[in-house]
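Inspection log for the structure reproduced underneath, given as structure tokens.
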Amino acid sequence: MRSITTLDLQYAHRFYGFKGEAQYLHGHTGVLTIEVEDSIEPGVNMVFPCNEIQKTAWEVLKNFDHALVLREDDPLLPAILDVYKAQGIRDGAPNNKMMGPAFKTELATAYPECRLVVTKETMTVEGMIKIVYSLLKDKLNIAKITFTSGVNAASEEFEPANKIDRCPLCGIALNENGVCPKCGYKKK
């Protein structure tokens with residue numbers, strides 16, 4: 001069975017080197033749908049609480065919200081960083097409160113202090129699915145990710161392979177010590 005949740009992301013990007021409208025810097029509202037698959041946890045009668053899927057995903061994905069996403073070879077990247085430096089916001093600003101933890105993967109690097117994500121490939125809906133899966137595959141038993149942005153949409157199914165111990169009292173993943181971070185339950 002699956003638990004399904006969605007997250008909204010507001011972001012700006014462009015398709016550097018593309019011959020079409022998307023070569024210009026523009027913004028989107030993206031809707032990310034994550035489907036988590038597992039057995040139903042008997043104590044709570046659910047696969048995984050949807051609000052916990054959102055919290056787990058949002059912790060890293062908030063770096064994409066109200067952010068600029070550019071490919072690593074885009075000539076706009078150094079110019080943007082120069083402008084941010086001149087403005088005094090390159091290393092963050094007091095009103096920048098939506099920062100997730102910085103990350104660096106094979107596909108993307110987040111610079112939360114300046115609301116920037118730098119990607120290896122052009123950030124298409126397909127590219128976003130690849131990035132999201134790489135960031136969350138060890139945290140959630142992902143069966144499917146769908147990303148819709150404007151009129152563009154893509155979806156990919158995955159074979160859930162994780163064995164995630166979950167709390168019988170609230171359904172969320174136990175930490176590495178077998179303790180529920182939400183309610184304190186300890187695995188025996």
Side-chain angles (χ1 to χ4, degrees), residues 2-37 48 50-84 87 89 93 95-137 139-160:
R2 294 181 181 180
S3 291
I4 303 169
T5 195
T6 61
L7 298 105
D8 292 335
L9 300 169
Q10 312 292 323
Y11 64 96
H13 72 152
R14 75 180 192 136
F15 293 1
Y16 173 59
F18 183 74
K19 304 300 180 214
E21 288 298 314
Q23 69 184 309
Y24 296 100
L25 193 59
H26 61 282
H28 284 283
T29 297
V31 178
L32 180 72
T33 303
I34 301 172
E35 299 184 27
V36 173
E37 186 173 285
F48 207 94
C50 290
N51 63 338
E52 293 296 333
I53 297 170
Q54 280 190 331
K55 278 194 235 176
T56 300
W58 189 247
E59 184 60 28
V60 289
L61 297 178
K62 66 183 163 187
N63 285 315
F64 290 90
D65 194 42
H66 290 85
L68 177 59
V69 182
L70 291 175
R71 205 169 71 194
E72 64 189 6
D73 62 342
D74 192 319
L76 275 179
L77 184 56
I80 294 287
L81 291 172
D82 287 346
V83 168
Y84 285 1
Q87 276 187 270
I89 62 170
N95 60 344
N96 183 8
K97 304 215 185 290
M98 281 287 284
M99 295 191 302
F103 65 77
K104 182 175 179 69
T105 69
E106 180 181 309
L107 299 172
T109 303
Y111 299 94
E113 70 282 355
C114 57
R115 313 222 30 100
L116 177 68
V117 178
V118 178
T119 60
K120 183 171 180 68
E121 303 172 332
T122 300
M123 220 295 271
T124 59
V125 288
E126 294 85 355
M128 183 62 161
I129 289 170
K130 288 193 247 180
I131 292 167
V132 169
Y133 184 73
S134 74
L135 290 167
L136 297 175
K137 67 182 178 188
K139 300 174 192 279
L140 297 167
N141 239 357
I142 297 171
K144 184 177 181 181
I145 297 174
T146 302
F147 189 57
T148 305
S149 184
V151 298
N152 304 301
S155 186
E156 186 169 358
E157 298 209 24
F158 304 93
E159 188 62 43

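- With rounding to the nearest 0.5 Å, the separation of CG in Asn63 from CD1 in Ile131 is 11.5 Å.
- For the atom pair OH of Tyr11 and NE2 of His26, the computed distance is 7.0 Å after rounding to the nearest 0.5 Å.
- Take His66 and apply the ring pair (Phe, Tyr, Trp, His ring centres under 6.0 Å) test, not counting sequence neighbours, and it matches no residue.
- How far CD1 of Ile34 is from CG of Asn141: 13.0 Å, rounded to the nearest 0.5 Å.
- For the side chain to side chain donor-acceptor pair (under 3.5 Å) test, residues two or more places apart in sequence or in another chain that qualify with Thr146 are Ser155.
- The side-chain contact (heavy atoms from CB on, under 4.5 Å) test applied to Asp8 returns Val31, not counting sequence neighbours.
- Residues Leu7 and Asp65 form no side-chain contact, since every pair of their non-hydrogen atoms from C-beta on lies 4.5 Å or further apart.
- In this structure, the side chains of Phe147 and Asn152 stay at 4.5 Å or more apart for every pair of heavy atoms.
- Annotation: ring pair (Phe, Tyr, Trp, His ring centres under 6.0 Å) contacts of Tyr84 (sequence neighbours excluded): none.
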### Query
Please walk me through it: do Asn96 and Ile89 pass side chain to side chain contact (heavy atoms under 4.5 Å, CB included)?
CA-CA 9 Å; Asn96 183 8; Ile89 62 170; over 6 Å; no
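- Between His28 and His13, the angle of the ring planes goes over 60°, which puts this pair in the perpendicular group of the 30/60° scheme.
- Legend: salt bridge (charged side-chain N to carboxylate O under 4.0 Å, His left out) pairs involving residues 95-109, not counting sequence neighbours: none detected.
- Residues passing the side-chain contact (heavy atoms from CB on, under 4.5 Å) test with Ala102 are Pro112, sequence neighbours excluded.
- For residues 121-130, the set of pairs meeting the salt bridge (charged side-chain N to carboxylate O under 4.0 Å, His left out) definition, not counting sequence neighbours, comprises Glu121-Lys130.
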### Query
Should Phe158 and Lys137 be marked as a side chain to side chain contact (heavy atoms under 4.5 Å, CB included) after you check the CA-CA gap, both sets of side-chain angles, and the distance that decides it?
CA-CA 10 Å; Phe158 304 93; Lys137 67 182 178 188; over 6 Å; no
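- Among residues two or more places apart in sequence or in another chain, the salt bridge (Lys or Arg N to Asp or Glu O under 4.0 Å) test is passed with Lys55 by Glu52.
- A donor-acceptor distance shorter than 3.5 angstrom exists from the side chain of Thr105 to the backbone of Ala108, with no hydrogens or angles considered.
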### Message
Determine whether Thr5 and Trp58 satisfy the following criterion, side chain to side chain contact (heavy atoms under 4.5 Å, CB included), listing intermediate values before the conclusion.
### Response
CA-CA 11 Å; Thr5 195; Trp58 189 247; over 6 Å; no
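- A side-chain donor-acceptor contact under 3.5 Å links Gln23 to the backbone of Gly20.
- For the pair Met128/Val69, no side-chain contact is recorded, criterion being any heavy-atom separation below 4.5 Å from C-beta on.
- Residues satisfying the side-chain contact (heavy atoms from CB on, under 4.5 Å) criterion with Glu37, sequence neighbours excluded, are Arg2, Ala143, Pro160.
- A heavy-atom distance below 4.5 Å is found between the side chains of Thr56 and Leu140.
- Here Phe103 pairs with nothing under the ring pair (Phe, Tyr, Trp, His ring centres under 6.0 Å) rule; sequence neighbours left out.
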### Query
Could you walk me through whether Arg71 and Met123 pass the side chain to side chain contact (heavy atoms under 4.5 Å, CB included) check?
CA-CA 7 Å; Arg71 205 169 71 194; Met123 220 295 271; over 6 Å; no
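- Note that the CG atom of Leu70 and the CG atom of Leu25 stand 7.0 Å from one another [nearest 0.5 Å].
- Applying side-chain contact (heavy atoms from CB on, under 4.5 Å) to Leu32 and the options Thr6, Ile145, Val125 leaves one that passes, Ile145.
- Listed by first and then second residue, the salt bridge (charged side-chain N to carboxylate O under 4.0 Å, His left out) pairs involving residues 11-23 are Arg14-Asp74 (not counting sequence neighbours).
- The CD1 atom of Ile142 sits 10.5 Å away from the CD atom of Glu156 when rounded to the nearest 0.5 Å.
- Taken from NZ in Lys139 to CD1 in Ile53, the straight-line distance is 14.5 Å, to the nearest 0.5 Å.
- In terms of the side-chain contact (heavy atoms from CB on, under 4.5 Å) criterion, residue partners of Val118 (sequence neighbours excluded) are, by chain and number, Glu72, Leu77, Tyr111, Leu116.
- A donor-acceptor pair under 3.5 Å is absent between the side-chain atoms of Gln10 and the main chain of Gly30, judged by distance alone.
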